J.: 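Pasting a structure here, questions to come.
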Amino acid sequence: MPVHRIHHILLCLLHMWTTLTSVSSHPQHSICQLIQRTAVCNNGSLSSVPARLPKDLEELQLNHNNIQTLKNNSLLDYPSLNTLSLACNSLEKIELNTFQDLKLLQSLNLAKNKLHVGYEETSHALKTLPRLRALDLSENELNDEMIATLLQNLTSLEYLNLSGNVLGRLDETSFSDLHQLKELDLQRNIMYEIAGAFDSNPKLQRLNLAFNYLLCLTDFHMTQLVVLNASHNFIEWFSSRQDLNDTFLLETLDLSDNRLFFFPFLPSHSHLRNLYLSHNNIRFYEHLADNSTLPNSTTTVEFYNMKKYSGNVTAQLWDESIHGDIASLEILDLRGNQVQYFPHGFIQKMPVLSRLQMCTNCLETLNLTSEQFSGSLYELDVSNNRLNQIAADVGMLTALGNLTYLNLSLNDIKLLPSGLFSSLPSLRSVDLSYNNVGFCLPEESETKTDNSTTCVDWKNIASLRQLFLKGCNLEIIPSSAFTGLSLTHLELSDNPGVIVQESLKGLRTLQHLGLGNTYIQDFDFSHFQSLKSLIISGNYLSHLPPSLLNLDLKVLDLRDNEMSTIPSIQANTLAQKLHTVFLTGNPFNCCQTEWFRTFETTKTINMVGQSHIECEDLIQMRYRVEHFQLFVCNQTEEESILWYILLFVPICLSFVGISVIVLITSKPKMLPMSIKKKCLKPTSY
Ligand SMILES: *[C@@H]1O[C@H](CO)[C@@H](O)[C@H](O)[C@H]1NC(C)=O
Ligand SMILES: *[C@@H]1O[C@H](CO)[C@@H](O)[C@H](O)[C@H]1NC(C)=O
Ligand SMILES: *[C@@H]1O[C@H](CO)[C@@H](O)[C@H](O)[C@H]1NC(C)=O
Ligand SMILES: *[C@@H]1O[C@H](CO)[C@@H](O)[C@H](O)[C@H]1NC(C)=O
Ligand SMILES: *[C@@H]1O[C@H](CO)[C@@H](O)[C@H](O)[C@H]1NC(C)=O
Ligand SMILES: *[C@@H]1O[C@H](CO)[C@@H](O)[C@H](O)[C@H]1NC(C)=O
Ligand SMILES: *[C@@H]1O[C@H](CO)[C@@H](O)[C@H](O)[C@H]1NC(C)=O
Ligand SMILES: *[C@@H]1O[C@H](CO)[C@@H](O)[C@H](O)[C@H]1NC(C)=O
Ligand SMILES: *[C@@H]1O[C@H](CO)[C@@H](O)[C@H](O)[C@H]1NC(C)=O
Ligand SMILES: *[C@@H]1O[C@H](CO)[C@@H](O)[C@H](O)[C@H]1NC(C)=O
Ligand SMILES: *[C@@H]1O[C@H](CO)[C@@H](O)[C@H](O)[C@H]1NC(C)=O
Ligand SMILES: *[C@@H]1O[C@H](CO)[C@@H](O)[C@H](O)[C@H]1NC(C)=O
């Protein structure tokens, strides 16, 4: 609803402006702020429309008040209104004649009210608005019948919001009068069926059906629709009407978070650019087509339509040509599906594909050459699959001139095309984390088999800025490994025991460095004058590396080290620079926690998990630093008190022990005695 959004922004600006100037400008209207022809009366406790506002008012905002009924006469004074919003009141009904003089009203916001109570009278009132273009009825507990009543004869409506109601079923009568409708929001209802509901809305361009209970969308034939959002339903089938020769105007189709088993059966002619299919059960079944090892298996499925006039849909299940027209696709999001391979020629059908997101699927091989990826590819994410090899020839690699983001993490890759990364001229970011590919050692660089390699030579890849090599079982990084690189991000965490120091020296442009869980004990950071963010958690650091203090760090992760304190001078220096610091999991000394107060009192620093930072006292008791009482460690008496405690504890313990033993041994005697005493007393009747 772009018109609305701009409106909203304007209103916000106006609102801010009036808040700033209200003291001087219109002191007479204490509840409402006036700016030109807009009255902002939000967030009061109004139970009716305020009177005595200027007669030429064009916009009136009454959101977040307590208005239950809009009365016949309440808006008589404001005939020029074109925008009225009453969201978040407890509005139950609008009386019949409320709008009779508002012939200019175009936009009416009734979101988050209780219109299910008085919908009948309200529906009559709405019919008196000849120019109404935008209507928001979201979150009003309205059901199918109430909506049908409310929308009768609203022929001028262009934007309608019905989200968050209790609509269950739509049919051809639901929106039959809304001939001008352009945008319809039906998300978060309980819809389970849509039967020919939009046949009377030839101008509908944007339709949101997200978060409902739809099981399938078959016979899709809304050629004029530009955006269809049917995410978060239970859709198992999506199929378009196949016999239509018209070009669908569809540009964005969101079917993510459903239960699709098949790639959707898309229109045969369309301009579809963005296709979101994440979190379904999609895979391809080409290997089942005409497969003589599986005779007599079903190859078609028919959808029988209950309607007499629309035909049955027959789908050739294993025929991959029904993917429809994907020639304009720019974004294909298939994250979280079960794709094992791409059907023959599938990638080739998308010559302008720019982002392919395949994270968390079952891909076993990826041959960029045989798939014929296009030069427009900008982002390729095949992380978290089962790849053990990537294949590509030199020609293919040089053709991928736009590839900028490449994510291969969380696979089992052992073989890569030689020169994969150095042949991609736009490559900015590579994630190879959690694979088994190491650095090529100088003597190793010749051990190539069949033009693929088991190690990577990162040297002189000029465009590369971000390199992620977490958990790659790295042991030694050759000292020349990063020469000629201008990295800003380098992530080497989770490589226990890796030897890095020499290789990193040249990386003066680094802004983020990850060395978590690498077992470093000390490190010289003085080369990294641009560093903003540093992860050195999970190591054996017993003190803060002094070279850190000269950096302009914003984020520092020191979790799970062996630090016992941070000297005051260091704490003060850090507190002035850091925005975020992680410190949990260190054996801090309870009596040296001045640094904690320093960080705590510095407003600009966020100590993440502050209440979970613990310390130990001399006898290894653990406390939350936040709650530890420092007087226990009072400088002058610190030792004596502790000695007293240490002396007293054994004495007290032995005393307690002796008493317990005495008690236990004497108990059997004492107990019956007392019982006897009580029970043997003669009772008087
Ligand atoms: C309404 O105003 C009160 C006090 O001015 C404020 O605390 C509250 O957050 C406001 N609520 C909304 C929804 O703006
Ligand atoms: C509002 O006006 C209508 C039509 O004139 C009338 O039927 C109705 O009773 C009025 N409601 C109230 C509460 O006055
Ligand atoms: C709705 O419109 C139809 C014709 O378009 C008209 O006959 C009918 O009276 C209208 N209903 C109301 C309640 O205005
Ligand atoms: C419809 O209303 C809901 C809830 O009031 C809101 O979150 C959503 O953004 C609205 N839709 C449009 C298209 O403005
Ligand atoms: C579809 O709707 C959901 C829920 O409102 C939203 O999160 C998602 O971003 C929408 N999809 C698109 C492509 O706009
Ligand atoms: C579509 O075009 C084909 C041939 O171009 C024609 O045989 C068929 O009748 C057309 N279908 C419709 C629904 O127009
Ligand atoms: C037939 O199916 C089997 C098992 O799914 C598969 O291994 C084989 O490659 C298929 N044959 C053909 C010709 O696709
Ligand atoms: C396949 O169908 C044919 C004829 O319908 C039948 O004779 C044959 O036994 C079937 N084969 C299998 C493996 O079920
Ligand atoms: C759809 O299939 C049913 C069941 O086979 C059949 O009775 C009906 O005639 C078919 N309809 C059309 C339009 O083919
Ligand atoms: C990749 O595909 C090309 C072209 O189809 C082929 O020549 C090459 O052998 C394939 N590579 C691998 C490792 O399968
Ligand atoms: C590469 O990207 C640029 C900018 O996005 C674009 O203009 C160009 O057409 C793309 N190249 C190819 C081969 O698609
Ligand atoms: C390996 O690369 C060389 C040139 O670099 C080329 O001539 C040769 O055909 C390639 N071999 C294979 C198996 O791709």
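One is the number of the first residue; the rest follow in order along the sequence. Please read these numbers as outputs of a predicted model, since none were measured by experiment. Order of appearance sets the numbers: ligands from 1, and atoms from 1 within every ligand.
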J.: Could a heavy atom of Arg188 be found less than 4.0 Å from some atom of ligand 4?
T.: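 Arg188: no contact with ligand 4 (<4.0 Å).
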
J.: Considering only the protein, which heavy-atom contact is closest to atom 5 (O) of ligand 5, and what is its distance?
T.: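 Of the protein heavy atoms, Gln187 OE1, 2.8 Å lies nearest.
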
J.: Any N or O of Asp185 that comes nearer than 3.5 Å to an N or O of ligand 4?
T.: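 Yes, since at least one N or O of Asp185 sits under 3.5 Å from an N or O of ligand 4.
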
J.: Is it true that the side chains of Gln389 and Lys414 contain a donor and an acceptor less than 3.5 Å apart?
T.: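 No.
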
J.: What atoms in ligand 4 come closer than 4.0 Å to a heavy atom of Lys112?
T.: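 So the answer, numbered in order with elements, is 5 (O).
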
J.: Looking only at side-chain N and O atoms, does Asn274 offer a donor or acceptor that is under 3.5 Å from a partner on Thr252?
T.: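 Yes, Asn274 and Thr252 have a side-chain donor paired with an acceptor closer than 3.5 Å.
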
J.: For ligand 4, which atoms sit closer than 4.0 Å to a heavy atom of Glu139?
T.: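 Close to Glu139: 4 (C).
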
J.: Report yes if the side chains of Leu332 and Met350 come closer than 4.5 Å at any heavy-atom pair, otherwise no.
T.: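 The answer is yes; the side chains approach within 4.5 Å.
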
J.: Please identify which atoms of ligand 10 are closer than 4.0 Å to at least one heavy atom of Gln389.
T.: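 This gives 13 (C) as the contact atoms.
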
J.: Please indicate, with yes or no, if any protein heavy atom is found under 4.0 Å from atom 2 (O) of ligand 5?
T.: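 Yes, there is a protein heavy atom closer to it than 4.0 Å.
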
J.: Looking at the rings of Phe220 and Phe248, which for Trp means the six-membered one, are their centres under 6.0 Å apart?
T.: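 Yes, the ring centres sit under 6.0 Å apart.
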
J.: Check each atom of ligand 5 against the heavy atoms of Tyr276 and keep those under 4.0 Å away; list them by number with element.
T.: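 By the 4.0 Å cutoff, the relevant atoms are 13 (C).
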
J.: Just which atoms of ligand 10 are under 4.0 Å from any heavy atom in Ala391?
T.: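 Every atom of ligand 10 under 4.0 Å from some heavy atom of Ala391: 11 (N), 12 (C), 13 (C).
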
J.: Between Leu366, Thr369, Asn367, Leu415, flag the one that comes closest to atom 8 (C) of ligand 10 by a heavy atom.
T.: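 It is Asn367 whose heavy atom sits nearest to atom 8 (C) of ligand 10.
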
J.: Looking only at the side chains, is there a donor atom on one of Gln61 and Glu59 sitting less than 3.5 Å from an acceptor on the other?
T.: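 Yes, a side-chain donor-acceptor pair sits under 3.5 Å.
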
J.: Touching ligand 4 at all, Ser163? Heavy atoms, strictly under 4.0 Å?
T.: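 Judged by the 4.0 Å heavy-atom criterion, Ser163 does count as contacting ligand 4.
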
J.: Would you say the ring centers of Phe265 and Phe238 fall short of 6.0 Å from each other?
T.: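 No, the ring of Phe265 stays outside the 6.0 Å limit from the ring of Phe238, centre to centre.
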
J.: Less than 6.0 angstrom separating the ring centers of Phe234 and Tyr192, yes or no?
T.: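 No, they do not, as the ring centres are separated by 6.0 Å or more.
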
J.: Are side-chain N/O atoms of Gln372 and Gln348 paired as donor and acceptor at under 3.5 Å?
T.: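 Gln348 and Gln372 do have a side-chain donor-acceptor pair below 3.5 Å.
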
J.: Determine, counting only non-hydrogen atoms of the protein, whether one lies under 4.0 angstrom from atom 14 (O) of ligand 10.
T.: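 It does: a protein heavy atom is found less than 4.0 Å away from atom 14 (O) of ligand 10.
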
J.: Cut-off 3.5 Å, side chains only: do Ser90 and Asn66 have a donor facing an acceptor?
T.: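 There is such a pair (donor and acceptor under 3.5 Å, judged by atom type) between the side chains of Ser90 and Asn66.
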
J.: Just jot down the ligand 5 atoms closer than 4.0 angstrom to any heavy atom of Phe211, in number order.
T.: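 So the answer, numbered in order with elements, is 4 (C).
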
J.: Nearest to atom 11 (N) of ligand 5, what protein heavy atom do you find, and at what distance?
T.: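 Result: Asp254 OD2, 2.7 Å.
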
J.: Hey, are Asn436 and Asn473 close enough side-chain-wise for a donor-acceptor pair under 3.5 Å?
T.: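 Note: Asn473 and Asn436 side chains meet the donor-acceptor criterion.
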
J.: Hey, which atoms in ligand 5 end up nearer than 4.0 Å to a heavy atom of Ser231?
T.: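 In order of number, 1 (C), 2 (O), 3 (C).
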
J.: Quick one: does Asn229 get an N or O within less than 3.5 Å of an N or O on ligand 5?
T.: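 Yes: some nitrogen or oxygen of Asn229 is under 3.5 Å from one in ligand 5.
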
J.: Can the ring centres of Trp237 and Phe261 be said to be less than 6.0 Å apart?
T.: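 For Trp237 and Phe261, the ring centres are not under 6.0 Å apart.
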
J.: Using a strict cut-off of 4.0 Å, indicate which atoms of ligand 4 neighbour a heavy atom of Glu183.
T.: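 In order of numbering, the contacting atoms are 13 (C).
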
